[in-house]
Visitor: 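Pasting a structure below so you can have a look.
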Amino acid sequence: MRTSWADSVSNSAAEIAIWDKNSLPRPTRSTYVPPHLRSGSISDLSGPVTGTNGGSRWTGSDGGGTKPELRRQGQANSYATAGRDAAAGGGGGGGGRNNRSGGWDRREREVNPFGNDDKIYDIKQNFSEQENSGINFDAYEDIPVEASGENVPPPVNTFAEIDLGEILNQNIRRCKYVKPTPVQRHAIPIALAGKDLMACAQTGSGKTAAFCFPIISGIMRELYAQRSHVGRTVYPLGLILSPTRELSCQIHDEAKKFSYQTGVKVVVAYGGAPINQQLRELERGVDILVATPGRLVDLLERARVSLQAVRYLALDEADRMLDMGFEPQIRKIVEQMNMPNRGVRQTMLFSATFPREIQRLASDFLSNHIFLAVGRVGPSTDLIVQRVEFVLESDKRSHLMDLLHAQRENGNHGKQALTLVFVETKKGADSLEHWLCMNGFPSTTIHGDRTQQERELALRSFKSGKTPILVATDVAARGLDIPHVAHVVNFDLPNDIDDYVHRIGRTGRAGKTGLATAFFNESNLSLARPLAELMQEASQEVPAWLTHYASRAPYGGNKNRRSGGRFGGSDFRREESIGKNLDYYSGGNSGNAYEGLVDIAGGYAPGVTSAWD
DNA sequence: CCTGGGC
């Protein structure tokens, strides 16, 4: 039998909200509601209800599990005006949805995310500086975009064209976003149209905003937008998953800026950190949950989170989330945890690379989706200079030292430019870091054997320039937005070319230039061919010896077998339907300034989008 | 072989 202590904690959002941050939640007899009295009354528990029972909107076909009492009630009538007014500009910061529990008074106490200068992941701070000093938007002008699927909504050219509402527009201005990036121009209208989306675009090109704005805007407009909980179980409306803790933190910090003063509450949950604080944060209410898979499963098994109300699901770095290591966990979360089915919820997958097998897997989670490919801004254009050097295993350390020495001498005032060094193993990371420190190069390291505290400290120390060299495993390969990384060194090359693409994408961000150096030797033969091809596509100088290895090497190092061109992937439905590895980029439109929309849906009837459905 | 992720 469960203790009354456990049951009695927190049945009221209002009560939770007044708890002192630092004091433990204390059981209060008066808040205890016996389970048999709870049903049908979540609205009572979660705040004032003024409307009558509005039609429940998430009538999802969620596998017979839907308890009627869990459907959000009320607000149907009053909302339409309240919500829309808020979205359409209810006067300054005032007009939020005050029909969500704890609504506007919570907003008053909301920490201004734009005022925090020393936050670890305060990436937009830097981004905005760059924008002010003239972000290299030209770099974005000339890239090809392809979209396929049924009824693709047209792209927009300005944020003003998108009806996100005055509050979100203010946050866009606070972020100093002048105009949408290509992935935003195309993805946001698709997402706002309620379509499922698989989007392929380089990180650093604004993907986070591309899925956050539609989710926040959607939640603001929902008719049933009453934040609910039953007992200690909370029901987020949006779920954003990412493969690493740091990336989840980063997304959370961005999402908090985008949702400032909207009344939409964003909470993050990830492993390696004490769970109690995260639990308390969840109890105070959550609309959008950003999480890593492991911790989320934990929360689901403890019944502290239910996915039954999820309307929006976004997977960042989706190809990673669906590869061998993660896929079972993701499948469990998406398919076996009471989440509304595809087609009922809206699903958005984002990544810089989309191998075809992954697309095939992903189609299990999507319903009649639109595939969007935005040409790479970074790795395969001139923004990143890629170099490959032949370095024997035994020479790697001294060679790295030479590079670092030269870099220091050429740098400003003898300062070391931020250099990110990728190695293959955790042990290798530790030992290289130690060696660098011993040789006068202040370094730190980030990998999965370090505690979360150490990982965060390392990242902060690197960003601040205190230790301008960061030795990392692939934990840092994806998504992390570290401004001003001048040089990425592939001390050990990865086995997969897509990992290489993600790694070098840590430099040359937001339209800036960067340098990527790789140490190649006989243990990297399988990468010779895809690497040579990638560099050639990017108009990089390919050393003769690499071409030689490439010509002898078998195919390898590539799960994707990319069909050439400037994208990180292409719509597998199209390729499969034609039955060939179709290179449709090498034709007319990859080189010119074509920015329009190409609907290459090419004769799919509804419901026959692919052979895997 | 390696990496990521819950106590």
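Quick note on labels: first sequence line is chain A, next is B, and so on, each numbered from 1. Here the structure is a predicted model, which is why all the values come from computation and not from measurement. Every heavy atom of this structure was used, including side-chain atoms; hydrogens, water molecules and symmetry mates were not.
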Visitor: Students often get this wrong, so: under 4.0 angstrom with heavy atoms, is A291(A) touching a base, only sugar-phosphate, or nothing?
Guide: nothing
Visitor: Could you check whether the side chain of R320(A) and the base of dT3(B) have a donor-acceptor pair of N or O atoms closer than 3.5 Å, going by distance alone?
Guide: yes
Visitor: Using side chain to side chain contact (heavy atoms under 4.5 Å, CB included) as the criterion, list what pairs up with A472(A), not counting sequence neighbours.
Guide: L420(A), F422(A), I446(A), A476(A)
Visitor: Whole angstroms only, please: what is the CD-P distance between Q452(A) and dG5(B)?
Guide: 8 Å
Visitor: Give me the ring orientation class for H399(A) and F519(A): parallel if the planes are under 30° apart, tilted from 30 to 60°, perpendicular past 60°.
Guide: perpendicular
Visitor: In whole angstrom, give the distance that lies between atom NZ of K427(A) and atom P of dC2(B).
Guide: 10 Å
Visitor: Rounded to whole angstroms, how far apart are NE2 on H447(A) and P on dG5(B)?
Guide: 12 Å
Visitor: Would you mind reading off the distance between R450(A) atom CZ and dG4(B) atom P, rounded to a whole angstrom?
Guide: 13 Å
Visitor: Look at all strands and tell whether V475(A) reaches a base, only sugar-phosphate, or nothing, counting heavy atoms closer than 4.0 Å.
Guide: sugar-phosphate
Visitor: Taking atom C1' of dT3(B) as reference, at what distance in whole Å does atom CG of D498(A) sit?
Guide: 15 Å
Visitor: Is there a side chain to side chain donor-acceptor pair (under 3.5 Å) between H502(A) and D474(A)? Walk through the geometry before answering.
Guide: CA-CA 9 Å; H502(A) 283 276; D474(A) 269 330; over 6 Å; no
Visitor: Rounding to a whole Å, what distance do you find between I275(A):CD1 and dG5(B):C1'?
Guide: 13 Å
Visitor: Just to be sure I understand the geometry, which residues of residues 324-336 of chain A put a non-hydrogen atom under 4.0 Å away from DNA chain B?
Guide: G325(A), F326(A), Q329(A)
Visitor: The test is side chain to side chain contact (heavy atoms under 4.5 Å, CB included); show your working for M337(A) and K332(A) and say whether it passes.
Guide: CA-CA 7 Å; M337(A) 287 294 186; K332(A) 178 174 181 179; 3.5 Å; yes
Visitor: Does the side chain of V234(A) come within less than 4.5 Å of L289(A)'s, by heavy atoms?
Guide: no
Visitor: Are the charged groups of D499(A) and R503(A) less than 4.0 angstrom apart, N to O?
Guide: no
Visitor: In this structure, how many angstroms lie between the C1' atom of dC2(B) and the CZ atom of R503(A), rounded?
Guide: 10 Å
Visitor: In whole angstroms, how far is the P atom of dG4(B) from the CG atom of D449(A)?
Guide: 7 Å
Visitor: Using the side chain to side chain contact (heavy atoms under 4.5 Å, CB included) rule, take R280(A) and R284(A) through it: C-alpha gap first, then chi angles, then the decisive distance, then the call.
Guide: CA-CA 7 Å; R280(A) 244 172 294 150; R284(A) 298 166 67 132; 5.6 Å; no
